[in-house]
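See structure below.
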Amino acid sequence: MNSGLKKINVKITGSSELGDTVTEAKGTLTENEDSVVITYYEKFEGDSAVTKSILTIKGGEVFLEKSGGVRASMAFSHGRNHEVLYDTGAGKIPMKMKTNKIFTKLHEDGADVELEYTISFGPENEAKNSLKLVARYL
């Protein structure tokens, strides 16, 4: 892969106990010396505001920053727990996230990211989730 800013199509598939959601967006992919940054904008159903998402792949970790309609900072490190404050605009939701699986692959067509994680809203409220992001150069 060549370094620099490249335009991409992004397809994000999120899965949870409530079902699957698929979002498609345009964005950019930038390779830095020690990381890859994927930036895209999405609009969630029922929300009028656009959310900017910045997904950074660095070493064996993935970081996801959301701002705009939804605000959150999430870190995915295999086997580690992270606390997250997910702000939907209608209220802030504190939660813990444990990463069960991280897969990242950079290749000549773009990048693939797969995350499996468990969200805990309290000692008895856990939900298994997954996120699959496919970024392809335009």
Side-chain angles (χ1 to χ4, degrees):
M1 264 177 25
N2 299 327
S3 62
L5 180 85
K6 295 186 179 171
K7 292 184 179 184
I8 55 171
N9 279 324
V10 181
K11 182 177 180 182
I12 307 107
T13 305
S15 298
S16 72
E17 296 167 2
L18 301 175
D20 295 346
T21 60
V22 177
T23 304
E24 295 192 27
K26 299 229 183 282
T28 58
L29 185 149
T30 307
E31 277 191 82
N32 299 315
E33 196 172 300
D34 63 347
S35 63
V36 172
V37 179
I38 297 170
T39 303
Y40 58 95
Y41 297 85
E42 57 191 321
K43 195 171 183 180
F44 297 101
E45 189 174 329
D47 194 354
S48 60
V50 172
T51 297
K52 178 181 181 180
S53 296
I54 301 172
L55 185 135
T56 303
I57 303 165
K58 187 172 184 173
E61 297 180 302
V62 174
F63 303 91
L64 182 57
E65 294 279 334
K66 292 185 171 287
S67 62
V70 170
R71 290 186 303 277
S73 294
M74 296 172 260
F76 300 91
S77 305
H78 190 299
R80 293 193 50 205
N81 290 313
H82 293 278
E83 292 191 15
V84 176
L85 188 60
Y86 201 85
D87 187 351
T88 65
K92 295 179 181 178
I93 304 166
M95 61 180 118
K96 289 184 182 176
M97 295 175 52
K98 180 178 181 185
T99 306
N100 304 313
K101 175 186 170 188
I102 295 178
F103 171 80
T104 60
K105 183 174 182 182
L106 306 175
H107 47 78
E108 63 187 25
D109 297 324
D112 298 319
V113 177
E114 292 181 32
L115 304 168
E116 290 180 8
Y117 54 98
T118 303
I119 297 175
S120 300
F121 301 98
E124 297 179 19
N125 295 321
E126 283 191 351
K128 293 187 185 238
N129 292 270
S130 67
L131 179 135
K132 182 178 181 180
L133 182 141
V134 176
R136 294 295 177 261
Y137 297 123
L138 295 177

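If you're wondering where the values come from, they're calculated on a predicted model, not measured in any experiment. Position 1 is the first residue of the sequence, and the numbers go up from there.
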Exercise for review: Flag the pair Arg71 / Tyr86 as yes when at least one side-chain heavy-atom distance between them is below 4.5 Å, and no otherwise.
Suggested key: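 No; the side chains remain at least 4.5 Å from each other.
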Check your understanding: Is any side-chain heavy atom of Tyr40 less than 4.5 Å from a side-chain heavy atom of Ile8?
Key ->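 Not in contact.
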Review point. What's the verdict on side-chain contact (heavy atoms from CB on, under 4.5 Å) for Asn9 and Lys26, showing C-alpha distance, side-chain angles and the deciding distance?
Key: CA-CA 5 Å; Asn9 279 324; Lys26 299 229 183 282; 2.7 Å; yes
Practice item. Determine, step by step, whether Val113 and Lys132 satisfy the side-chain contact (heavy atoms from CB on, under 4.5 Å) criterion, reporting the C-alpha distance in whole Å, the side-chain angles of both residues, the deciding distance to 0.1 Å, and the verdict. Key: CA-CA 6 Å; Val113 177; Lys132 182 178 181 180; over 6 Å; no
Check your understanding: With Val37, which of Thr56, Leu55, Ile57 fulfils side-chain contact (heavy atoms from CB on, under 4.5 Å)?
Key ->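 Exactly one option meets the side-chain contact (heavy atoms from CB on, under 4.5 Å) with Val37, and it is Thr56.
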Review point. Looking at Glu126, Lys98, Met97, Lys96, which one forms a side-chain contact (heavy atoms from CB on, under 4.5 Å) with Ile119?
Key: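 With Ile119 as partner, side-chain contact (heavy atoms from CB on, under 4.5 Å) holds for just one option, Met97.
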Could you state whether [X] and [Y] fall into the same hydrophobic cluster, counting links through intermediate Ile, Leu, Val, Met, Phe, Trp or Tyr residues with side-chain heavy atoms under 4.5 angstrom apart?
{"X": "Ile12", "Y": "Leu106", "value": "yes"}
{"X": "Val10", "Y": "Ile102", "value": "yes"}
{"X": "Tyr137", "Y": "Ile38", "value": "yes"}
{"X": "Phe103", "Y": "Val36", "value": "no"}

Please round to the nearest 0.5 Å and tell me the distance separating atom [atom1] of [X] and atom [atom2] of [Y].
{"X": "Asp20", "Y": "Ser15", "atom1": "CG", "atom2": "OG", "answer": "3.5 Å"}
{"X": "Leu138", "Y": "Leu29", "atom1": "CG", "atom2": "CG", "answer": "11.0 Å"}
{"X": "Met95", "Y": "Phe121", "atom1": "CE", "atom2": "CZ", "answer": "5.0 Å"}
{"X": "Ser16", "Y": "Leu131", "atom1": "OG", "atom2": "CG", "answer": "11.5 Å"}
{"X": "Leu85", "Y": "Ile93", "atom1": "CG", "atom2": "CD1", "answer": "9.0 Å"}
{"X": "Ile54", "Y": "Thr39", "atom1": "CD1", "atom2": "OG1", "answer": "5.0 Å"}

Practice item. Return yes when atom NZ of Lys66 has more than 12 non-hydrogen atoms of other residues, nucleotides or ligands closer than 6.0 Å, and no otherwise. Key: yes
Practice item. Return yes when atom CZ of Arg136 has more than 12 non-hydrogen atoms of other residues, nucleotides or ligands closer than 6.0 Å, and no otherwise. Key: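 Yes, enclosed.
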Exercise for review: May I ask you to decide if Val70's main-chain N or O and Thr51's side chain share a donor-acceptor pair within less than 3.5 Å?
Suggested key: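 Confirmed, Thr51 side chain pairs with Val70 backbone.
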Point to revise | Asp34 side chain vs Asn32 backbone, donor-acceptor pair below 3.5 Å | key: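 No: the side chain of Asp34 does not pair with the backbone of Asn32.
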Check your understanding: Looking only at heavy atoms, which two atoms of Gly69 and Ala49 are closest? And how far apart?
Key ->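 Reported closest heavy-atom pair: CA-CB, 3.6 Å.
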Between [X] and [Y], does any side-chain donor sit less than 3.5 Å from a side-chain acceptor?
{"X": "Ser53", "Y": "Glu65", "value": "no"}
{"X": "Glu116", "Y": "Ser130", "value": "no"}
{"X": "Ser77", "Y": "Glu61", "value": "yes"}
{"X": "Asn100", "Y": "Thr118", "value": "yes"}
{"X": "Lys7", "Y": "Thr28", "value": "no"}

Practice item. Determine, step by step, whether Leu115 and Val62 satisfy the side-chain contact (heavy atoms from CB on, under 4.5 Å) criterion, reporting the C-alpha distance in whole Å, the side-chain angles of both residues, the deciding distance to 0.1 Å, and the verdict. Key: CA-CA 9 Å; Leu115 304 168; Val62 174; 4.1 Å; yes
Check your understanding: Taking the six-membered ring for Trp, are the ring centroids of Phe76 and Tyr117 within less than 6.0 Å of each other?
Key ->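 Yes, the ring centres sit under 6.0 Å apart.
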Exercise for review: Determine, for Tyr41 and Lys52, whether the Lys NZ or Arg CZ falls below 6.0 Å from the six-membered ring centre while staying within 45 degrees of the axis.
Suggested key: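 Judged by the rule, Lys52 and Tyr41 form no cation-pi pair.
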Practice item. Taking only Lys NZ, Arg NE, NH1 and NH2, and the carboxylate oxygens of Asp or Glu, determine whether Glu17 and Lys128 approach each other closer than 4.0 Å. Key: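 So Glu17 does not pair with Lys128 through a salt bridge.
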